Amino acid sequence: MTITLLWTDMMVWLLVAALAVWGWILSRSPQIRKQWHSIFKSGIAMASAIVLLFYLFFALLDSVHMRFTVETHPGGGETSKSIHYEGDMVSLLDLLFKHTLSHTERTYSAPFATHEYAKSIVVDKNNVSRQVYLPLKYVHVPKGESVAGDIVKKSLFALFAGLLVSLLLIAVHLALKGRGTFVSKLNVLRRGETALPWRTAYVTFTLMLMTFVWMYLLSYHYHVLGTDKVGGDVFYQSVKSIRTGVLIGILTTLVMLPVSITLGISAGFFGGRIDDVIQYIYTTLNSIPGVLLIAGAVLVTQVMMDNHPQWFETTLERSDLRLLFLILILGMTSWTGLCRLLRAETLKISRVEFVTAARAFGVSKWKIIFRHIMPNLMHIILISVVLDFSALVLAEAVLSYVGVGVDPTMYSWGNMINQARLEMAREPMVWWSLFSAFIFMFILVLAANLFSDRVQTVLDPRNEE
Amino acid sequence: MNRIFHTFLLLIGLTVMLQSAVWNSPHQSGEAKKNILFAAFSLPPKRLDPVISYSANEWAFIGQIYEPPLQYNYLKRPYTLEPLTLTQMPIVHYLDANHTEVDENSSRVAYTAYKLILKKHIRYQNHPAFVKDKKGRLFYGRLDEEALSSIDSLADFKKQATRTLKAEDYAYAIKRMAVRQNHSPVLDTMMAYIVGLKSFSKHISHIAREKEKKGEILDLRSYHIKGVKVLDDRTLVITIKGRYPQFLYWLSMNFFAPVPWEADLFYQQKGLMAKNITLNWYPVGTGAYYLAQNDPNRVIRLKANPNFHKEYYPVLSDGEAKAAGISSALRRDAGKKLPFINEVIYSLEKENIPLWNKFLQGYYDASGISSEAFDQAVQISSSGTMGLSDTMRKKGIVLKSSVQPSIFYMAFNMVDPVVGGYSESAKKLRQAISIAQDEEEYISIFLNERGIPAQGPIPPGIFGCEPGEAGTNKVVYDWINGKRVRKPLSVAKKLLAEAGYPDGISLKTGKQLKLFYDSTATGPDDRALMDWRRKQFAKLGIQLVIRATDYNRFQAKIRKGKTQLFSWGWNADYPDPENFLFLLYGGNASVDTNGAGINSANYKNPEFDKLFNEIKTMKNTPERLEKIQKMLNIAREDAPWVWGFHPKSLALSQAWFGNVEPNAMANNTLKYKKINAALRVKKQQEWNQPVILPLILLFVSVILLGWLLYRAYSSRQKTVILREEK
Amino acid sequence: MLAYIIRRLLYAVPILIGVNLITFMLFFMINTPDDMARAQLGAKQTTPQMIEAWKVEKGYDKPLFFNPEASGIEKIEDTLFMQESLKLFAFDFGVSDANRDIAEDIKERMGPSLAIALPTFFIALVTNISLALLLVLFRGSALDMGMMVIAVMIMSVSGLFYIIAGQVLFSKIWHWVPISGYEPGWGAVKFVILPVLIGVFAGLGAGMRWYRSIFLEQVNQDYVRTARAKGLSEIAVLFKHVLKNGMLPILTGIVVVIPSLFMGSLIMESFFGIPGLGSYTIDAINAQDFAIVKAMVFLGSVLYIAGLILTDISYTLFDPRVKLS
């Protein structure tokens with residue numbers, strides 16, 4: 001077994017590392033600490049952050065890929081010394097969900113169903129064919145137990161387990177955090193007198209964890225969110241889609257930031273020709289209808305990939321490369337908005353007295369930019385990052401509908417919705433794919449929106465009152 | 001409160017009034033009760049030019065408008081040609097190299113001449129191009145700016161006229177086909193047959209280019225093809241090289257439909273082109289219908305041609321009807337004058353889902369069945385045959401199923417070093433893969449049983465496809481207890497080991513065998529399909545890498561022979577085995593013909609090719625059958641294709657839509673069909689009663705909300721005032 | 001003023017050239033003329049001779065940017081790029097690959113696009129403003145908080161869900177409106193009502209929040225406090241002062257989008273089968289019809305620039321403090 005990193009994996013971990021470093025640097029500035037503190041003072045922000053971290057955790061879990069070696073063939077064992085790999089890579093998340101992968105049914109089944117959703121033809125011993133609901137291959141209710149009874153029993157156990165794990169983790173966190181005895185901290189917490197709304201955070205955490213553990217444990221015995229057309233588990237697909245959504249949301253900003261920051265500040269600070277050229281570039285890019293530009297660029301990269309099939313060994317690598325290109329393209333087409341904001345703000349700041357004074361004293365330009373301008377732009381950048389996140393997650397679905405989104409073999413909410421359109425036309429409707437995609441996406445975007453709201457309220461200087 | 005009560009009463013009154021009407025009809029009100037057929041098209045036709053159109057969505061229109069010399073009998077099976085604009089089937093003469101007539105079986109046959117004699121009194125639809133001035137020139141032939149300014153569609157021309165169909169119109173159409181700039185897809189095929197077409201094409205294309213440069217109009221009347229002779233107004237002789245009995249089938253296709261020279265000249269005017277008035281969009285034909293409105297973005301409307309010649313619903317003898325499985329309901333109109341329906345409105349429906357829903361609401365008179373809708377529509381009866389589900393039957397919907405003369409296959413590129421070649425091990429590898437592709441499962445999952453596994457290239461219903469054990473592919477299937485049973489996976493694994501890949505690991509390199517599969521699958525529904533395909537190879541331990549690309553690039557790759565495995569399909573042009581076997585003929589190999597050849601698997605087997613050349617010109621005799629069986633067995637053994645499946649088409653029609661019988665070869669079937677409009681109106685109202693309750697609830701809750709808000713406001717106003725007073 | 005507009009218009013020219021260059025490069029990188037020919041000539045049996053003839057006819061046989069065989073200025077002029085872009089500036093969009101006049105098609109399809117875009121725009125404007133006013137009226141109350149939470153929720157749902165759910169509920173189950181389709185004239189009402197309602201609802205969350213923040217800024221101004229102190233009723237205050245003074249930021253904010261209404265909505269149109277410019281664009285991308293895509297991109301850019309200029313003008317007209325120079 002070897003760990004292999006896909007392109008996007010590398011970017012994600014790079015981003016995580018960068019965030020950690022950045023966080024450490026920032027944490028030394030008391031003013032910024034105060035800002036963040038005031039962001040998290042709101043219970044909603046705290047709860048949203050927990051939800052976002054949950055999603056991020058799954059995205060990261062799904063960003064560690066590895067390949068297993070094939071056992072050497074007994075016949076050619078001695079002669080061949082090279083290592084053979086199994087066909088596709090798997091991630092940590094795949095290992096966690098190994099059972100759902102092997103529990104692939106034949107076709108559609110509803111959540112918690114024991115039989116298929118549609119009737120099939122069966123020829124019995126007398127050579128008479130009938131239409132019956134076939135039982136599912138991997139759902140077995142213990143003898144002498146009703147389905148509902150079995151579900152309730154297993155649910156209770158799972159919920160209890162979830163609660164236990166969550167309480168344990170919370171206790172560890174509580175014990176490690178701050179000073180004082182554990183009991184006194186517990187009392188403060190119970191009364192809700194902590195500086196930050198930790199009570200809300202713990203409740204959210206417990207709820208999220210219990211829900212997940214419940215669904216996960218039951219997924220060993222049932223298809224908790226049903227199965228799709230070829231019998232794939234929808235719960236697994238929804239969880240796998242998290243990575244796609246989160247990655248598009250955060251990596252795009254990662255790609256976009258350097259471009260818009262560099263160009264925005266240069267345009268505002270240096271002015272003149274440079275400003276003209278940069279303004280020309282972004283007005284031109286902006287004036288092309290967005291979807292057309294993205295569609296065109298995605299098609300180009302697809303052609304490129306079609307012409308170089310040797311670039312990727314597995315389908316996963318292929319779809320990953322397409323995701324990478326999509327992220328790059330989205331980044332390249334969405335930097336203009338932030339760039340324009342930064343340019344205007346830089347222009348404003350460079351006219352402020354202390355900057356003009358610094359210039360007059362011959363302080364080097366780079367020093368001015370890093371000392372005076374950059375710090376004053378931070379709030380704009382941060383607000384735009386959190387605002388863009390939810391927009392990008394939603395955009396993925398629309399792009400997939402138009403046919404220029406992620407690779408169709410990739411699990412993503414957009415692909416699920418797209419497929420669900422066909423399913424909704426069935427009678428009776430196959431609603432669970434759409435439903436799962438809806439819920440998973442809704443929670444993520446809602447959390448992101450609520451969090452960005454809070455960030456905006458706190459950081460926007462106009463709101464200081 | 002009183003006011004609310006009044007509005008509520010009013011609402012109820014309105015509901016009662018509207019109870020009789022339907023709200024959700026996508027058609028204009030009142031049209032449902034007329035003798036109009038409501039149909040849909042999913043892809044706007046790109047062109048309606050008889051020498052170019054070569055796809056089903058264009059034939060659906062063009063077939064009703066243009067009339068080639070021959071047609072397929074609507075009801076007879078197997079498919080039988082009959083004269084359409086001719087008085088009898090073409091008279092065939094066999095000629096030797098000196099153009100003297102010889103016996104059919106003579107070895108000296110060098111040419112075949114087809115004599116076509118037209119019926120009298122066939123007239124074109126009314127059209128401005130036929131209006132002439134006193135000197136016989138086109139009245140609308142020189143439109144100036146001023147005349148053009150008042151014209152937006154054909155209907156804006158005040159004068160319209162007609163004329164009788166002449167043999168020269170057929171000759172004119174063939175000449176149009178020869179002009180390279182018209183992009184006729186059959187020109188290169190026809191050049192090989194029609195005498196003098198090749199040199200004529202070169203000559204006329206050159207002239208056309210010169211004329212276009214000078215801005216002149218090209219009148220083809222003064223040019224002649226050697227092999228196409230007009231003897232008089234009603235007689236035409238077409239001479240082709242050698243023997244080619246399938247030529248008759250070509251004469252039933254739109255490429256040989258008449259084009260009046262008036263129309264060609266009329267539409268060459270630059271001013272009309274700028275208004276989208278071209279032969280592409282406004283065809284001129286003698287058929288049962290004419291194109292009344294062409295808005296390819298939304299609706300296409302056909303209306304019955306008032307000048308249509310006398311044609312009658314086919315009469316079958318009892319024996320013929322029994323052989324073709326034609327019910328008595330379909331024979332009720334025998335001998336009646338065609339057409340029955342006055343007008344057809346085709347609406348653009350790009351997607352299956354709205355189309356299906358509207359069909360269920362009664363707003364379309366016919367529909368196919370998409371796989372999503374299948375469970376809802378079809379049930380399998382106890383005898384194993386397909387039948388309608390109870391809900392459909394209650395609606396009076398009728399189901400017709402037929403196997404299409406098509407095949408969908410997965411091909412191996414025979415020039416590929418791994419899967420190609422004719423060595424024993426390569427053959428075994430292909431055979432192993434063929435056995436592992438569980439087509440039965442494919443059909444069950446992705447087609448809802450709407451298909452039958454193919455045993456060779458020739459689909460059922462076409463000469464050469466045998467039922468039972470004789471027609472079974474013994475490489476992939478066993479014949480057990482009177483049934484075809486796919487060979488077990490163990491056989492495939494054994495073959496694979498013999499081919500040098502035990503459990504999918506190559507003996508030579510020690511690595512897992514990895515194959516590349518090209519597909520055009522990029523849609524939402526295709527992931528499942530690709531997963532399935534990968535699974536089929538994984539069963540053997542082979543890793544399948546899928547390269548998805550768009551259809552264009554896919555074609556380019558195949559043309560250059562740069563693939564390993566790919567899936568493709570073929571639709572019959574005419575019901576003859578030659579039209580399928582030529583897909584495997586070595587002379588048609590893509591790589592050798594610079595991509596022009598149709599044999600995209602690049603399969604070449606000398607014995608197969610020899611037999612192909614023999615059966616090509618034979619009549620359907622037992623001897624031909626025997627040779628075809630021999631060819632099929634060679635191909636099955638070599639396994640250049642995984643034989644895939646022949647799709648079954650299921651068509652649904654509403655109770656009020658009559659005389660519907662699927663005919664995969666004929667395109668002009670609209671004229672036979674019938675509508676019972678009164679029944680349609682009744683059923684539409686029955687099925688589409690709007691659910692009013694939510695509307696009432698919505699109304700009530702809005703009023704309630706308004707009242708609550710008003711109260712909240714008043715109390716707030718008070719507190720504000722109080723606060724201010726403090 | 002006039003001089004300013006003229007200068008802005010001149011400034012648009014290099015932008016449009018840039019736009020052209022980008023689209024041209026993108027599309028000829030994806031589609032070699034061979035690909036286009038194959039797509040246009042149909043799938044069954046396309047021979048190399050046919051492809052060659054098609055390219056010559058469409059003029060796609062020329063080199064892309066530089067023609068070494070020609071002489072003098074023709075080296076640049078007799079190329080695909082020049083041939084394709086020069087005509088655009090005269091709004092001559094040429095003929096689509098299906099041999100239809102593009103300008104004519106665009107004219108035809110603008111109607112249906114506007115039939116959805118305009119009602120959606122105006123109804124959304126009125127609904128959003130009235131709801132925002134309502135919220136400002138009840139600011140700080142439970143209603144305000146509740147509605148703000150609902151607004152965030154509305155924003156957090158992908159538009160595709162609204163469309164799918166709306167179609168299932170209103171068309172399939174309740175039989176209120178046709179599932180999809182279009183007809184010109186007043187008959188269009190039954191077809192556009194659902195897409196318009198869905199469009200309005202999907203934009204409700206963001207719209208409501210934006211207008212509310214604008215109005216809240218006004219409410220806290222001194223003159224509003226004075227007005228209220230004078231004993232004006234809350235509603236009177238809202239309409240007389242808050243709405244009136246909020247008009248300027250609202251107006252300048254929405255003027256920029258008005259021209260782009262002409263482009264239609266890609267998703268709505270293709271879901272509801274509306275033959276507008278949005279579905280025209282999608283179909284052209286799928287059919288790889290370069291001529292149409294180019295025309296639509298050009299049109300989009302022109303409209304965008306028009307929006308920018310309109311915004312500037314509306315500033316001068318409504319805000320006396322701004323002077324264009």
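These numbers come from the heavy atoms of this one structure, side chains and all, not from hydrogens, waters or symmetry mates. Lettering follows sequence order; numbering is per chain, from 1. Just so it is clear, the structure is predicted and the values come from calculations on it, not from any experiment.
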Shortest non-hydrogen contact between [X] and [Y], atoms and distance:
X	Y	value
A:A397	C:S158	CB-OG, 4.1 Å
A:L394	C:M155	CD1-O, 3.7 Å
C:V297	A:P289	O-CD, 4.1 Å
C:Y11	A:T283	OH-OG1, 4.4 Å
A:F438	C:F161	CA-CZ, 3.2 Å
C:S156	A:L446	OG-CA, 3.3 Å

If the condition is salt bridge (Lys or Arg N to Asp or Glu O under 4.0 Å), which residues does C:R109 pass it with, not counting sequence neighbours?
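For C:R109, no residue satisfies salt bridge (Lys or Arg N to Asp or Glu O under 4.0 Å) once neighbours in sequence are set aside.
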Closest-packed option against chain C by number of heavy-atom pairs under 4.5 Å, given A:N286, A:L450, A:V398, A:V291
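So the answer, after comparing A:N286, A:L450, A:V398, A:V291, is A:N286.
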Pairs of heavy atoms under 4.5 Å with chain C: top-ranked of A:I44, A:L444, A:V393, A:I288:
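Top count of heavy-atom pairs under 4.5 Å with chain C: A:I288.
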Residue C:L299 versus chain A: region with a heavy atom under 4.5 Å:
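Neither part.
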Is C:V168 close to chain A through its backbone or its side chain, or both, or neither, when contacts mean heavy atoms under 4.5 Å?
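Interface part for C:V168: side chain.
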Main-chain N/O of C:P14 paired to A:Y280 side chain as donor or acceptor, under 3.5 Å:
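Present.
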Atom [atom1] of [X] and atom [atom2] of [Y]: how far apart are they, to the nearest 0.5 Å?
X	Y	atom1	atom2	value
A:I281	C:I15	CD1	CD1	11.5 Å
C:L303	A:S287	CG	OG	10.5 Å
A:N418	C:I164	CG	CD1	8.5 Å

Which of C:T23, C:L160, C:I17 touches chain A most, by non-hydrogen pairs under 4.5 Å:
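Among C:T23, C:L160, C:I17, the one with the most close pairs to chain A is C:L160.
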Please classify the contact of [X] with chain C as side chain, backbone, both or neither, using a heavy-atom distance under 4.5 Å.
X	value
A:L434	both
A:S390	neither
A:L293	both

Can you tell me if CZ on A:F435 sees more than 12 non-hydrogen neighbours from other groups inside 6.0 Å?
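Atom CZ in A:F435 is not packed in, count stays at 12 or less.
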Under 3.5 Å donor-acceptor pairs involving side-chain atoms of residues 144-154 of chain C, not counting sequence neighbours:
unit_1 : atom_1 : unit_2 : atom_2 : d
C:D144 : OD1    : C:R212 : NE     : 3.1
C:D144 : OD2    : C:G140 : N      : 3.1
C:D144 : OD2    : C:R212 : NH2    : 3.1

Close approach to chain C in residues 330-339 of chain A, criterion heavy atom under 4.5 Å
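When heavy atoms of chain C are the reference, residues 330-339 of chain A contributes no residue within the under-4.5 Å range.
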Positions in residues 258-268 of chain C that reach chain A, provided some heavy atom is under 4.5 Å away
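Residues of residues 258-268 of chain C touching chain A at under 4.5 Å: C:M263, C:L266, C:I267.
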